[in-house]
A.B. asks: 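After the structure tokens below, expect a handful of questions from me.
Only this structure's heavy atoms are used, side chains among them; waters, hydrogens and symmetry mates stay out. By convention in this document, chain letters (A, B, ...) are assigned in the order of the sequence lines, proteins followed by strands, and residues within each chain are numbered from 1.
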2 protein chains.
Amino acid sequence: METGATILDLNQLRRSCGLCALNELCLPAGIGRPDLERLDTIVHHKRTLDRGKALFRQGDTFHALFVVRSGSLKTFVENPAGDVQVLGFHLPGEIVGIDALANDHHLCDAEALERTSICELPYAQLQQVVREVPSLHGQLMRVVSREMVAEQRHLAMMGNQQAQERLAIFLQSLADRYGRLSRDPSTLNLPMSRYDIANYLGLVVETVSRLFSRMEAAGILAVNRKTVRILRPDLLTALCDSSGRSLRSREAG
Amino acid sequence: METGATILDLNQLRRSCGLCALNELCLPAGIGRPDLERLDTIVHHKRTLDRGKALFRQGDTFHALFVVRSGSLKTFVENPAGDVQVLGFHLPGEIVGIDALANDHHLCDAEALERTSICELPYAQLQQVVREVPSLHGQLMRVVSREMVAEQRHLAMMGNQQAQERLAIFLQSLADRYGRLSRDPSTLNLPMSRYDIANYLGLVVETVSRLFSRMEAAGILAVNRKTVRILRPDLLTALCDSSGRSLRSREAG
DNA sequence: GATTCCTGTTGACCTCGATCAAGAGCGAGC
DNA sequence: GCTCGCTCTTGATCGAGGTCAACAGGAATC
């Protein structure tokens, strides 16, 4: 349906970090033109995953870092007893696979929540580029640090917050990230199941379901399966810090 | 060797990564002699903290990474409501401060649990050394990755494990780390308070106290204030995976 | 359209761990 | 010595959220 040239242009658009809309949210943030082109030479853009398909599995040997380009992923660990813990949901511009650097093999699973396309950064080549482009080292460390901070927030939520606050915080953070991606932050299209949400929040699915119902009854949300509209962002924010456990927290000395 | 050189040798011993007992557990692991000497030039060894003193506080501007040399630290976040979450306890050879790389200021507090000495790695200089010693980049990423994995384990514990399993896992992991530091892994000298342990595990102090008593009654531990002897490591291990929540976990899909 | 499977919702009940309360052990300061 | 103020322990009670159970709404297959 299109001329050959158009397809090439589209390919070009899809292939270059410099032209990618996620540019400033992603690894290239703050990296100058020529260096960016060097980085571009090693980025593979091909991989596309269907819903439920794995990007990598626990135990896979590590060879690349990945960045979500469109769609979304979940990462999770599973212990020998079969207990699953969802570690995070990853939206466009977010990096996954860092946990594998310590051991040369992946310690968690990464799975597509919907049709998802991925940029692949072969690690050996990335290290070579880091040698040539020193500022990339700093940027990589910053991105990694950002992931750590997200994990710490997750942890703090699990340790201190009540069920309702947890869900509110989760929705809020999702809305924030939608905003940063220039999507409408008041209409969330949750790509993950209630089971995933519950597990991520350290709750069971029934509790999450009840909380959605309760927040809908309170006029804060309009919930229709995967589609959640935030009607009262102010009330949602209020729910985020209803000061959970009083005693436990204040005096850990 | 000359007389008078002895004092210099001791200083040398204290000052050089090459001679440090933690060498292979720390940042220098896998780095060759000459590169190590270059790294050595930027490491400051002076800081010593008394119990309860802060290495840094939330909001402090970031200028250096730190490695515990002796003693121990806890890191924790505190939200505006006053809720505290202990993120981790840091033993010799472990690095802290990475979370600050993303924002140029610290997002958590780090506090000494006992008299603790610290190696300081000024970040600007560290980056310079990374340019000169490319293998250091890889090693830094590995160390960071190790921290992330520890956080993920913490998270999985909070999400899936019952109270008793949490304490068992905590003691087990402490014993493992003692072992790696060539200390007796069966006699733990807990530098942190019951409050810190409880908060780290997402429990309250009363629960932790009861669990210690219960495990002592079961003949697994001998508890005397801060001193905990592991009498039956086999039983402790058994408690670590008594498969907590069955339904919640098995099918997060 | 009927069947099956899966995800999600709602209700009834119960348990684990939080909360409240009291007291014991120990150190620091006077 | 005594008191004050911690940290830690133990007991009694309560409630948030987990467990069990039943069912409803889609989606996929036939």
Side-chain angles (χ1 to χ4, degrees), chain A residues 50-52 74 83 113-114 157-168 189-217 221-228 239 242-253, chain B residues 50-52 74 83-84 86 113-114 157-168 189-217 221-228 239 242-253:
Chain A
D50 282 327
R51 176 183 149 79
K74 68 171 172 181
D83 301 321
L113 293 168
E114 58 196 310
M157 185 190 71
M158 297 281 255
N160 288 312
Q161 257 52 58
Q162 305 286 98
Q164 183 168 253
E165 300 165 21
R166 293 190 200 188
L167 185 58
N189 252 294
L190 307 177
M192 69 294 284
S193 71
R194 296 285 193 270
Y195 282 91
D196 287 332
I197 297 173
N199 185 288
Y200 174 79
L201 298 176
L203 304 169
V204 295
V205 66
E206 294 94 327
T207 304
V208 170
S209 188
R210 274 186 254 272
L211 289 171
F212 270 124
S213 303
R214 199 199 296 177
M215 286 171 147
E216 185 162 36
L221 305 176
V223 184
N224 181 3
R225 298 183 59 75
K226 304 270 188 193
T227 307
V228 174
L239 284 187
S242 315
S243 284
R245 314 290 165 77
S246 47
L247 217 166
R248 155 194 301 186
S249 38
R250 224 159 281 253
E251 58 228 291
Chain B
D50 282 326
R51 179 183 146 79
K74 67 172 172 181
D83 300 321
V84 170
V86 173
L113 293 168
E114 57 196 311
M157 186 190 71
M158 296 281 255
N160 288 312
Q161 257 53 57
Q162 305 285 98
Q164 183 168 252
E165 299 165 21
R166 294 190 199 187
L167 185 58
N189 252 295
L190 306 177
M192 70 293 284
S193 71
R194 296 285 193 271
Y195 281 90
D196 286 333
I197 296 172
N199 186 288
Y200 174 79
L201 298 176
L203 304 169
V204 295
V205 65
E206 295 94 326
T207 303
V208 170
S209 187
R210 272 186 256 272
L211 289 171
F212 269 124
S213 302
R214 200 199 295 175
M215 287 170 144
E216 185 162 35
L221 304 177
V223 183
N224 182 3
R225 298 185 59 75
K226 304 270 187 193
T227 307
V228 174
L239 285 187
S242 316
S243 282
R245 316 289 165 77
S246 46
L247 217 166
R248 156 196 299 187
S249 39
R250 222 159 285 248
E251 58 228 291

A.B. asks: Does a distance-only test, which skips hydrogens and angles, find a donor-acceptor pair under 3.5 Å between the side chain of B:Q164 and the base of C:dC16?
C.D. replies: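 Answer is no: no donor-acceptor pair is held.
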
A.B. asks: Starting the side chain at C-beta, find the nucleotide from C:dA18, D:dG18, D:dA21 nearest to B:T207.
C.D. replies: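 My answer, after comparing the listed nucleotides, is C:dA18.
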
A.B. asks: Can you tell me how far P of D:dT9 sits from CG of B:N224, to the nearest Å?
C.D. replies: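 Those two atoms, CG and P, are 10 Å apart.
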
A.B. asks: Can you check the B:E216 CD to D:dC8 C1' distance for me, whole Å?
C.D. replies: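 It works out to 13 Å between those atoms.
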
A.B. asks: Rounding to a whole Å, what distance do you find between A:Q162:CD and D:dG18:C1'?
C.D. replies: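 The answer, rounded to whole Å, is 14 Å.
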
A.B. asks: Which heavy atom of B:V208 sits nearest to which heavy atom of B:R194, and what is that distance?
C.D. replies: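 For B:V208 versus B:R194, the nearest heavy atoms are CG1-CD, 4.2 Å.
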
A.B. asks: Counting side-chain heavy atoms from CB outward, which of C:dC16, C:dG8, D:dG17 is closest to A:Y195?
C.D. replies: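 So the nucleotide nearest the side chain must be C:dG8.
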
A.B. asks: Work out which heavy atom in B:M157 is nearest to a heavy atom in B:L201; give both atom names and the distance.
C.D. replies: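 Closest approach of B:M157 to B:L201, heavy atoms only: CE-CD2, 3.5 Å.
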
A.B. asks: Whole-Å distance between D:dA24 P and A:R194 CZ?
C.D. replies: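 One finds 19 Å between P of D:dA24 and CZ of A:R194, rounded.
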
A.B. asks: Can you tell me if A:S193 touches the phosphate of C:dT7, counting only side-chain N or O atoms and a distance under 4.0 Å to OP1 or OP2?
C.D. replies: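 So the side chain of A:S193 is outside the cut-off, no N or O lying under 4.0 Å from OP1 or OP2 of C:dT7.
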
A.B. asks: Grab the CG-C1' distance between B:L190 and D:dC8 for me, whole Å please.
C.D. replies: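 Answer to the nearest Å: 13 Å.
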
A.B. asks: Roughly how far apart are A:T227 OG1 and A:L221 CG, rounded to 0.5 Å?
C.D. replies: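 Spacing of OG1 (A:T227) from CG (A:L221) equals 12.5 Å.
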
A.B. asks: Measure the distance from CD on A:Q161 to C1' on D:dG17 and round it to the nearest whole Å.
C.D. replies: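 Whole-Å distance recorded here is 16 Å.
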
A.B. asks: If only atom types and distance count, is the side chain of B:E114 paired as donor or acceptor with the main-chain N or O of B:P191 below 3.5 Å?
C.D. replies: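 Looks like no, no N/O pair under 3.5 Å.
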
A.B. asks: In terms of the nearest nucleotide of DNA chain C, which residue is placed more toward the 5' end: A:R210 or A:K226?
C.D. replies: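 Closest to the 5' end, via its nearest nucleotide, is A:K226.
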
A.B. asks: Could you go through B:Q161 and A:D83, starting from their C-alpha distance and side-chain angles, then the distance that decides it, and tell me whether this counts as side chain to side chain contact (heavy atoms under 4.5 Å, CB included)?
C.D. replies: CA-CA 9 Å; B:Q161 257 53 57; A:D83 301 321; 3.6 Å; yes

A.B. asks: C:dT10, D:dG18, C:dT9: which one has an atom nearest the side-chain heavy atoms of A:V223?
C.D. replies: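 Comparing C:dT10, D:dG18, C:dT9 against the side chain of A:V223, the answer is C:dT9.
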
A.B. asks: Nearest whole angstrom, please: distance from the P of C:dC16 to the CG of B:L167.
C.D. replies: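 To the nearest whole Å, that distance equals 17 Å.
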
A.B. asks: Using a cut-off of less than 4.0 Å, is there contact between a side-chain N or O of B:S209 and OP1 or OP2 of D:dC8?
C.D. replies: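 Negative; the distance criterion is not met.
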
A.B. asks: Just how far, in rounded Å, is P of C:dA22 from CD of B:E206?
C.D. replies: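 One finds 14 Å between P of C:dA22 and CD of B:E206, rounded.
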
A.B. asks: Taking OP1 and OP2 of C:dC26, is either one under 4.0 Å from a side-chain nitrogen or oxygen of B:R225?
C.D. replies: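 No.
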
